[in-house]
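The block underneath contains the structure these notes are about, expressed in structure tokens.
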Amino acid sequence: MARYTGPKCRLCRREGAKLFLKGDRCFTDKCAYERRPYAPGQHGRIRKKMSDYAVQLREKQKARRVYGILEEQFRSYFAEADRQKGVTGANLLINLERRMDNVVFRMGFANSRDQARQMVRHGLFILNGRRVTIPSIQVRVGDVVEVREKNRTSPSILEAQQVIARRGCPVWLEVDGAAFKGKVNAMPTREDIQLAVNEQLIVELYSK
């Protein structure tokens with residue numbers, strides 16, 4: 001299955017929640033979900049009773065769309081989380097949160113995860129002194145992420161730094177905006193991940 005390239009706001013309306021896929025636009029009155037908080041399509045206003053499976057599926061789709069992960073990739077993340085010690089659902093979200101593209105977004109160097117993924121692929125960032133181009137790399141405690149010097153005047157990065165105050169930076173990350181640098185001070189916990197997803201429903205879905 002190819003990556004979804006259609007309207008992002010349509011995904012928020014389908015999931016019945018703001019997924020913040022359009023960066024700063026999601027915080028303005030231009031947000032499509034704020035204006036039309038119902039599912040897209042001809043019958044979007046009709047409320048349907050969902051089965052247990054449908055509810056579980058929607059939670060999985062919500063998490064997958066927030067991080068921009070394809071189904072096969074998402075299953076791999078779940079399998080890895082299931083092998084780890086601790087709560088599988090929390091492990092899943094923590095592993096997704098540690099992705100390089102997500103960290104770039106959380107540090108305020110990109111307006112959205114999609115934009116962060118593109119920037120990483122184009123080699124705009126350095127991880128521990130080495131240029132990286134793989135968005136799925138998982139960061140560890142002590143890792144340092146910085147914008148390459150020649151890309152520090154990029155309009156996209158400068159704009160993202162101006163609007164980070166709207167969403168804030170997680171406590172497990174430390175950012176020096178003036179130096180275009182950030183550091184991973186700790187591993188994220190489930191409480192640090194401000195995501196309205198019931199991960200237990202995802203576990204139940206994949207455990208069938």
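For this chain, numbers begin at 1 and follow the sequence in order. Note that these values count all heavy atoms, side chains included, but never hydrogens, waters or copies made by symmetry.
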Would you call E59 and K62 a salt bridge, using N to O less than 4.0 angstrom? yes
Between L92 and E199, does the side-chain contact (heavy atoms from CB on, under 4.5 Å) criterion hold? Intermediate values first, please. CA-CA 8 Å; L92 171 64; E199 62 273 15; 5.6 Å; no
Nearest 0.5 angstrom please: N91 CG to K85 NZ, how far? 12.0 Å
Closest heavy-atom contact between V141 and M187? N-CE, 3.5 Å
In this structure, would W172 and L195 fall into the same cluster of hydrophobic residues linked by side-chain contacts under 4.5 Å? no
Distance col, row F74:CZ vs Q61:CD, nearest 0.5 angstrom, shows 8.5 Å
Would V203 and V87 show up in the same hydrophobic cluster when neighbours are defined by side-chain heavy atoms closer than 4.5 Å? no
With side chains defined as the heavy atoms from C-beta onward, is the minimum distance between Q84 and N95 less than 4.5 Å? yes
Take E71 and K60, measure what side-chain contact (heavy atoms from CB on, under 4.5 Å) needs, and give me the verdict at the end. CA-CA 10 Å; E71 178 61 31; K60 185 265 292 184; 2.6 Å; yes
Please determine whether residues M119 and I126 belong to a single hydrophobic cluster, defined as Ile, Leu, Val, Met, Phe, Trp and Tyr linked transitively by side-chain heavy-atom distances below 4.5 Å. no
Please evaluate residues Q118 and R121 with respect to the criterion side-chain hydrogen bond (donor to acceptor under 3.5 Å, both in side chains), reporting the C-alpha separation (whole Å), side-chain torsions for both, the decisive distance (0.1 Å), and the verdict. CA-CA 5 Å; Q118 185 181 48; R121 281 178 176 160; over 6 Å; no
Check for a donor-acceptor pair, side chain of Q115 on one end and backbone N or O of N111 on the other, with a separation under 3.5 Å. yes
Counting only N and O atoms by type, is there a donor-acceptor contact under 3.5 Å from the side chain of Q200 to the main-chain atoms of G89? no
Pairs under 3.5 angstrom only: tabulate donor-acceptor contacts from the side chains of residues 101-110 to other protein residues two or more places apart or in another chain.
from	atom 1	to	atom 2	distance (Å)
D101	OD1	R99	NE	3.2
D101	OD2	R99	NH2	2.9
D101	OD2	R117	NE	3.3
D101	OD2	R117	NH2	3.4
N102	OD1	R113	NE	2.7
N102	OD1	R113	NH2	3.2
N102	ND2	E97	O	2.7
N102	ND2	E97	OE2	3.4
R106	NE	E97	OE2	2.6
R106	NH2	E97	OE2	2.9

Please tabulate, for the side chains in residues 178-185, all donor-acceptor contacts under 3.5 angstrom to protein atoms that are two or more places apart in sequence or on a different chain.
from	atom 1	to	atom 2	distance (Å)
N185	ND2	E174	OE1	3.1

Hydrophobic clusters here meaning ILVMFWY residues chained together by side-chain heavy-atom distances under 4.5 Å, can you tell me if I157 and L173 are in one? yes
Identify the two heavy atoms, one from L57 and one from L205, that lie closest to each other, and give their separation to 0.1 Å. CA-CD2, 4.0 Å
Of all heavy-atom pairs between I202 and A63, which one has the smallest distance, and what is that distance? CD1-CB, 3.9 Å
Mind checking whether V145 and I137 sit in one hydrophobic cluster, side chains of I, L, V, M, F, W, Y counted as touching below 4.5 Å? yes
CA sep, side-chain torsions, deciding dist, call: I134, M100, side-chain contact (heavy atoms from CB on, under 4.5 Å): CA-CA 8 Å; I134 303 175; M100 179 68 181; over 6 Å; no
Please give me the minimum heavy-atom distance between G177 and Q161, naming the atom from each residue. O-NE2, 3.1 Å
Mark yes when over 12 heavy atoms from residues, nucleotides or ligands other than L158 sit less than 6.0 Å from its CG; otherwise mark no. yes
To the nearest 0.5 Å, tell me how far Y77 OH sits from R98 CZ. 9.5 Å
Carefully, step by step, assess T189 and D192 under the rule side-chain hydrogen bond (donor to acceptor under 3.5 Å, both in side chains). CA-CA 5 Å; T189 64; D192 295 329; 3.0 Å; yes
Here the gap from N198 atom CG to R58 atom CZ, rounded to the nearest 0.5 Å, amounts to 14.5 Å
Are F125 and N151 packed together at the side-chain level, in the sense that at least one heavy-atom pair is separated by less than 4.5 angstrom? no
Enter the distance from Y67:OH to S136:OG here, rounded to the nearest 0.5 Å. 15.0 Å
In Å, rounded to the nearest 0.5 Å, how long is the span from CG of L201 to CD of Q56? 6.0 Å
Which is it for R148 and L124 under the side-chain contact (heavy atoms from CB on, under 4.5 Å) test, yes or no, and what are the steps along the way? CA-CA 6 Å; R148 292 180 70 195; L124 271 63; 5.6 Å; no
